[in-house]
Amino acid sequence: EVRACLERFGAVGFVDDMPGFESNVRTALGRKVSFGHVNATAQHRKPKAPPIDRALKDEIIRICAPDIAIYTWARDRFG
C-alpha cells in the first residue's frame, strides 16, 4: 500500500513548497539542506499549452484518479 510506504519516509514534500520540504528533510536528518533551482526562470518563458476539451480533461482525470487520491491524502497528511 502506497500510504504505508509514505508513512515510513523520514520526510515527504511537494514541489510547490520546496522550503517546507527542505525544513522536513532538515528535521529528519538533523542538518541543513538546500535544493537548488535549475532554470527556474525558463518556466515563465514557456508558451502556454493549448486548451484541451472537456471530454479529454475528464478522461485524464478518470485515468489519474488513483494518483490524485494518493496525492490528496498525502497533502492532507504531510502538507
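Rounded to the nearest 0.5 angstrom, Met18 CE and Ser23 OG are separated by 12.0 Å. Atom SG of residue Cys5 and atom CD1 of residue Ile70 lie 10.0 Å apart, to the nearest 0.5 angstrom.
Using a 4.5 Å heavy-atom cutoff, the side chains of Asp17 and Pro19 are in contact. The side-chain heavy atoms of Tyr71 and Phe14, taken from C-beta on, include a pair separated by under 4.5 Å. Looking at Arg54 and Asp58, their side chains come closer than 4.5 Å, going by heavy atoms from C-beta outward. Proximity of Glu1 to Leu6: side-chain heavy atoms (C-beta onward) are nowhere separated by under 4.5 Å.
When all heavy atoms are compared, the tightest approach of Glu22 to Val33 is O-CG2, 3.5 Å. Annotation for Ala28 and Gly10: closest pair CB-O, 3.5 Å, computed over non-hydrogen atoms. Between Ile52 and Ile60, the closest heavy-atom pair is CD1-CD1, 4.0 Å.
Grouping the Ile, Leu, Val, Met, Phe, Trp and Tyr side chains by contacts below 4.5 angstrom, directly or via other members, places Trp73 with Val12.
Taking the six-membered ring where tryptophan is involved, the planes of Phe21 and Phe35 are essentially parallel, since the angle between them stays under 30° and well short of 60°.
Checking side-chain atoms of Asn24 against main-chain N and O of Ala11 turns up no donor-acceptor pair under 3.5 Å.
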Using side-chain contact (heavy atoms from CB on, under 4.5 Å), reason through Asp16 and Arg75 one step at a time and then give a plain yes or no. CA-CA 11 Å; Asp16 62 340; Arg75 266 293 202 197; 2.4 Å; yes

